[in-house]
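One is the number of the first residue; the rest follow in order along the sequence. As the structure is a computational prediction, the values presented were derived from the model and not from experiment.
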Amino acid sequence: MKLSNICIPVWSLGWTLAIVVSAILANSSRLQAADVTRVEEDWELVIGTPSLSSDAPQVTCLISPVENADSVYATFIVNHHDEPSFVAGGLQLQVWNGKEILGSKRHADQAVLVTPGETIRWTQAMSVENGNLVFETIKGVSTTWGNFGAEGALKVGVPTQLQNLNKYDPRVSIANSSVSFAANRVQSLVLKRVRTYSAVGLIAEDPNPRIVHPKSQ
């Protein structure tokens, strides 16, 4: 049979196209409707030469559920505490609303950094759970403090009216995280990976590293 004799009804093509378009739109709608309920940031800090006498270096990493750091946010403090007063060494998770402290949790071990070239890794997370905004530091690994962040040791929850974390932006984390003291004693501070989750599971994973220190020229 010649190809010229094959005839596909126009109405059939129309229905096929309509089905394909409907499927694409439905899938897109489901993706847009998937609210973000949890965010995880994987961080890596590489120390250069620390100083025991000056409690250096000191690092602060921030995470916020919205597009700025003007309202509620959390900071993870490395190698010092400053709430309610300054203490050398250790680790502390703080939750703030603007300039008002809402809560904090510190690691039991208050050791001070002393190991040259030490690499510290942790995951900074936040989630919306039953009317609470929960911040936590988990999966921490270091030479100075060993493994940290297990079983809610660095976890703080505060009441919230937020229903999701859809306004989370990693650029806010980068802009507000820093080596807050003795930057010359740090080789690098990098946000290595970001994951977002809905109530049913992983939505997306961004493996692109974002460098906080040293700043690119």
Here the gap from Glu40 atom CD to Thr123 atom OG1, rounded to the nearest 0.5 Å, amounts to 6.0 Å
Could you pull out the closest heavy-atom pair between Val39 and Val36, with the gap in Å?
CG2-CG1, 3.9 Å
Is there any salt bridge (Lys or Arg N to Asp or Glu O under 4.0 Å) pair reaching into residues 90-100, and which pairs are they, with sequence neighbours excluded?
none
Give a yes or no on whether Leu165 and Leu191 share a hydrophobic cluster (residues Ile, Leu, Val, Met, Phe, Trp, Tyr; joining criterion: side-chain heavy atoms under 4.5 Å apart).
yes
Taking a hydrophobic cluster as the set of Ile, Leu, Val, Met, Phe, Trp and Tyr residues connected by side-chain heavy atoms closer than 4.5 Å, whether directly or through intermediates, do Trp43 and Tyr197 fall within one such cluster?
no
The salt bridge (Lys or Arg N to Asp or Glu O under 4.0 Å) partners of Arg193 (sequence neighbours excluded) come to Glu205
Ile63 with Val158, same ILVMFWY side-chain cluster at under 4.5 Å
yes
Could you check whether any side-chain N or O of Ser142 sits under 3.5 Å from a backbone N or O of Trp145, counting only pairs where one atom can act as donor and the other as acceptor?
yes
Please list, chain by chain and in numerical order, all residues satisfying salt bridge (Lys or Arg N to Asp or Glu O under 4.0 Å) with Asp42, sequence neighbours excluded.
Arg195
Taking side-chain hydrogen bond (donor to acceptor under 3.5 Å, both in side chains) as the cut-off, I'd like each qualifying pair that reaches into residues 69-79, sequence neighbours left out, listed once.
Asp55-Asn79, Thr75-Gln94
Using side-chain contact (heavy atoms from CB on, under 4.5 Å) as the criterion, list what pairs up with Ala175, not counting sequence neighbours.
none
With a 4.5 Å limit on heavy-atom distance, are the side chains of Val78 and Pro57 in contact?
no
Using modelled atom types and a 3.5 Å cut-off, is there a donor and acceptor pairing between side-chain atoms of Ser198 and backbone atoms of Val200?
yes
Mind checking the OG1-CG spacing from Thr60 to Leu189? Nearest 0.5 Å is all I need.
10.0 Å
Please round to the nearest 0.5 Å and tell me the distance separating atom NE2 of His81 and atom CZ of Phe86.
9.5 Å
Honestly curious: do Phe76 and Leu62 fall in one hydrophobic cluster under the side-chain, below-4.5 Å linking rule?
no
Applying side-chain contact (heavy atoms from CB on, under 4.5 Å) to Ile47 and Leu113, what does each step give before you reach the verdict?
CA-CA 9 Å; Ile47 304 300; Leu113 285 171; 3.8 Å; yes
Taking every non-hydrogen atom, the tightest pair across Leu154 and Leu93
O-CD2, 3.2 Å
Evaluation steps, side-chain contact (heavy atoms from CB on, under 4.5 Å), between Asn164 and Val128:
CA-CA 6 Å; Asn164 56 60; Val128 177; 5.7 Å; no
Tell me every residue that passes side-chain contact (heavy atoms from CB on, under 4.5 Å) with Val46, counting only those two or more places apart in sequence or in another chain.
Glu44, Thr119, Gln187, Ser188
Heavy-atom closest contact (Thr144 atom, Ala111 atom, distance)
CG2-CB, 3.7 Å
pair Ile120-Trp122: side-chain heavy atoms closer than 4.5 Å:
yes
Looking only at heavy atoms, what is the nearest atom pair of Val156 and Ser104, with distance?
CG2-C, 3.9 Å
Listed by chain and number, what are the salt bridge (Lys or Arg N to Asp or Glu O under 4.0 Å) partners of Asp169, not counting sequence neighbours?
Arg171
Which atom pairs, donor and acceptor, lie under 3.5 Å between side-chain atoms of residues 131-140 and protein residues at least two apart or in another chain?
residue	atom	partner	partner atom	Å
Glu136	OE2	Arg38	NH1	3.1
Glu136	OE2	Arg38	NH2	3.3

pair Met126-Tyr168: side-chain heavy atoms closer than 4.5 Å:
yes
Could you grab the distance from atom CD of Gln163 to atom CG of Asp35, nearest 0.5 Å is fine?
8.5 Å
Could I get the full list of salt bridge (Lys or Arg N to Asp or Glu O under 4.0 Å) partners for Asp206, not counting sequence neighbours?
Arg210
Heavy-atom side-chain proximity of Val72 to Pro65 below 4.5 angstrom
yes
Is there a donor-acceptor pair under 3.5 Å between the side chain of His213 and the backbone N or O of Ala183?
yes
Give the C-alpha distance, both sets of side-chain angles, the deciding distance and a yes or no for side-chain contact (heavy atoms from CB on, under 4.5 Å) between Gln92 and Glu83.
CA-CA 9 Å; Gln92 187 176 42; Glu83 283 296 328; 4.0 Å; yes
Pairs in or reaching into residues 172-186: which pass side-chain hydrogen bond (donor to acceptor under 3.5 Å, both in side chains), with residues at least two apart or in two chains?
Glu41-Ser173
For the residue pair Val186 and Leu45, establish whether any side-chain heavy-atom pair is separated by less than 4.5 Å.
yes
How is the hydrophobic cluster of Ile77 composed, in terms of its other members, when Ile, Leu, Val, Met, Phe, Trp and Tyr link through side-chain heavy atoms under 4.5 Å apart, directly or indirectly?
none
To the nearest 0.5 Å, how far apart are NZ in Lys167 and CG in Asn68?
9.0 Å
Would a single hydrophobic cluster contain both Val172 and Val212, if residues Ile, Leu, Val, Met, Phe, Trp and Tyr are joined by side-chain heavy-atom contacts under 4.5 Å?
no
Output all residues satisfying side-chain hydrogen bond (donor to acceptor under 3.5 Å, both in side chains) with Ser51, sequence neighbours left out; order by chain, then residue number.
Ser53, Ser54
